[in-house]
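In what follows, a single structure is set out as C-alpha cells and then discussed.
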Amino acid sequence: MAIAMGTVIMAISLNMFLEPNMIAPGGVSGFGIVIQKVTNGFLKVYVTNLLINVPLFIIGVVTLGKAFGAKTLYATLTLSFFIRVLPKNIATTNLLLASIFGGLLIGMGIGMVFKFGGTTGGTDLAGAILHKYIPSLSIAKLMMVIDFMVVVFAGLVDQKLDTALYSTIALYILVKVIDEIMEGLSYSKAFLIISEKPEEIGEAILKEIDRGATILKGKGMYTGLDRDALLCVVNRAVITKLKELIHKLDNRAFVMLTDIHEVLGEGFKKINSN
C-alpha cells in the first residue's frame, strides 16, 4: 500500500508540475519527458518508463533478489498506470515553483518506495544496485550522478539553458528529500558533555528532564588526566532546558551537539524492519 501511495505522489508530480513545464529531474521518468518532447508526443512518459525498465528489472532481480524484484515490478507497473490515468492538469506555469514542488513531491514518492523495499526502476534501481557494491554512497547520491546526464540532455533537446537549470533544482531537492526519508528526519540532538561534575549533571538529567545518560571514560590529551564524558540524546523540545541545566551546574563544561537522524529504542522509536 505504501509503495502504491509513493507512485501516486510521483505521478502527480510528473503530470502536474514536471512534464507540463518540460522539467526533467533525471531518472527514466525525466528521460521519458525528454523523449516525449523529441517524438512530438508519440512516445508517452508511461510507455518509456515501461520500455527502459524491463532490462533494468531483470538485472535487479539477479543482483538484489526476487523479493526486491517483485516490489520493483509492482512499483514500475503502478507508476506507469497512475501516470496514464491521473489528470494532467498543470498546477503552475511558474518554472521555479514547478521545479521546487515537483522535486519535493517526486522525492517524497521515491523515498516512500525505497523505504518499503522497492524501487520504481530506472536510475533509482540502478542506484540501488550500485549501492549494494558502494555502500559508502547513498542511493540518492548515486542516482544524482546518473541523473545529471538526463538533466543535460533535457537542456540540449529543449535548446534552453533554463530547462537544464530548473531540472537541476528539482533534482537537488528530490535527492535531499529521499535522503531525509531514508535516513530519518532530524528531530533529536545528541549531547556530548565533558565536565568535572558528570555524576551531578547525569543525576539532574534523569530527574529534571527524565532522560537517560551514559558515562563514557576518556582522557584529556593536553592534561593527561582521566575525564568522564556524558552522552545524552534528547528531542528538540528539551534542548534549551538541557543547555540551561548544564550551565547552571557547570558553566565551564565543554558541550558538543550533533543532529541525530533516527533514534531507536526505549523512550524513542520502536525498532522494526523499516
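Just so you know, residue 1 is the first one in the sequence shown, and it goes up from there. Treat the numbers as computed from the prediction; the structure is a model and nothing was measured.
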Assess the residue pair Lys37 and Asp158 against the criterion (side-chain contact (heavy atoms from CB on, under 4.5 Å)); give the C-alpha distance rounded to whole Å, side-chain angles, the decisive distance to 0.1 Å, and a yes or no. CA-CA 8 Å; Lys37 172 80 171 180; Asp158 204 33; 3.4 Å; yes
For a side-chain contact (heavy atoms from CB on, under 4.5 Å) check, start with the C-alpha distance between Lys189 and Asp259, then their side-chain angles and the critical distance, and finish with the verdict. CA-CA 5 Å; Lys189 291 277 189 179; Asp259 289 327; 2.7 Å; yes
Could you walk me through whether Phe191 and Leu231 satisfy the side-chain contact (heavy atoms from CB on, under 4.5 Å) test, starting with their C-alpha distance in whole Å, then the side-chain angles of each, then the deciding distance to 0.1 Å, before giving a yes or no? CA-CA 6 Å; Phe191 278 71; Leu231 177 63; over 6 Å; no
Set out, in order, the CA-CA distance, both residues' side-chain angles and the distance that settles side-chain contact (heavy atoms from CB on, under 4.5 Å) for Ile100 and Ile173, then state yes or no. CA-CA 7 Å; Ile100 291 173; Ile173 292 172; 4.0 Å; yes
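Here the straight-line distance linking atom CD1 of Ile23 with atom OG1 of Thr163 works out to 8.0 Å at 0.5 Å rounding. Asp250 contributes atom CG, which lies 10.0 Å from atom CD1 of Ile193 (distance to the nearest 0.5 angstrom). Here the CG-OH distance, from Leu142 to Tyr133, works out to 13.0 Å after rounding to the nearest 0.5 Å. For the atom pair Lys248 NZ and Glu200 CD, the distance stands at 9.5 Å (nearest 0.5 Å). Rounding to the nearest 0.5 angstrom, the gap separating the CE atom in Met10 from the CD1 atom in Ile110 is 4.0 Å. The CZ atom of Phe17 sits 9.5 Å away from atom CD1 of Ile90, with the distance rounded to the nearest 0.5 Å.
Hydrophobic clustering (ILVMFWY, side-chain heavy atoms < 4.5 Å, transitive): Leu165 and Val34 are in distinct clusters. Cluster annotation: Val47 is connected to Met22 through the hydrophobic network of ILVMFWY side chains, with a link wherever side-chain heavy atoms come within less than 4.5 Å. Residue Val152 is not grouped with residue Leu161 when hydrophobic side chains (ILVMFWY) are merged at heavy-atom distances under 4.5 angstrom, including chains of intermediate members. In the hydrophobic clustering of this structure, Leu242 groups with Leu257; members are Ile, Leu, Val, Met, Phe, Trp, Tyr whose side-chain heavy atoms approach within less than 4.5 Å, directly or through other members. Following chains of ILVMFWY side-chain contacts shorter than 4.5 Å, one cannot reach Leu18 starting from Met149, and the two form parts of different hydrophobic clusters.
Of the possible polar contacts, one joining the Asn15 side chain to the Ile83 backbone as a donor-acceptor pair under 3.5 Å is found. With hydrogens and angles ignored, the 3.5 Å screen pairs no side-chain donor or acceptor of Ser80 with any backbone N or O of Leu77. With hydrogens and angles ignored, the 3.5 Å screen pairs no side-chain donor or acceptor of Lys160 with any backbone N or O of Gly155. Distance alone, capped at 3.5 Å, is enough to place a donor-acceptor pair between the Ser167 side chain and the Ala24 backbone. Of the possible donor and acceptor atoms, none in the side chain of Lys115 sits under 3.5 Å from a partner among the backbone N and O of Ile3. Remark: side-chain polar atoms of Ser13 are not paired, donor with acceptor, to backbone N or O of Ile9 under 3.5 angstrom. Using a distance-only test at 3.5 Å, with no hydrogens or angles considered, a donor-acceptor pair links the side chain of Asn21 to the main chain of Thr92.
Within the 4.5 Å cutoff, side-chain heavy atoms of Val45 are placed close to those of Glu19. Between Leu245 and Ile201, every side-chain heavy-atom pair lies at or beyond the 4.5 Å cut-off.
Heavy-atom contacts from other residues, nucleotides or ligands closer than 6.0 Å to NZ of Lys88 number more than 12. No more than 12 heavy-atom neighbours from other residues, nucleotides or ligands sit within 6.0 angstrom of CG on Asp210. Counting heavy-atom neighbours within 6.0 Å of Met256 CE, excluding the residue itself, gives a total above 12. Residue Phe101 places its CZ atom among 12 or fewer non-hydrogen atoms of other residues, nucleotides or ligands, all under 6.0 Å distant. Summarising the local packing, CZ of Phe82 is surrounded by more than 12 heavy atoms from other residues, nucleotides or ligands at distances under 6.0 Å.
Lys197 and Leu249 get closest at one heavy-atom pair: NZ-O, 3.1 Å. Contact record, Leu230 with Gly202: CD1-N, 3.6 Å, taken as the closest heavy-atom pair. A pairwise comparison of heavy atoms in Ile239 and Val234 identifies CG1-CG2, 4.3 Å as the closest pair. Closest approach of Val113 to Ala75, counting heavy atoms only: CG1-CB, 4.1 Å. The shortest heavy-atom contact between Ile246 and Ala253 is CG2-CB, 3.9 Å. Scanning both residues, Ser29 and Leu79, for their nearest heavy atoms gives OG-CD2, 4.0 Å.
Between Lys217 and Asp226 there is no salt bridge, since no side-chain nitrogen of the basic residue lies less than 4.0 Å from a carboxylate oxygen of the acidic one.
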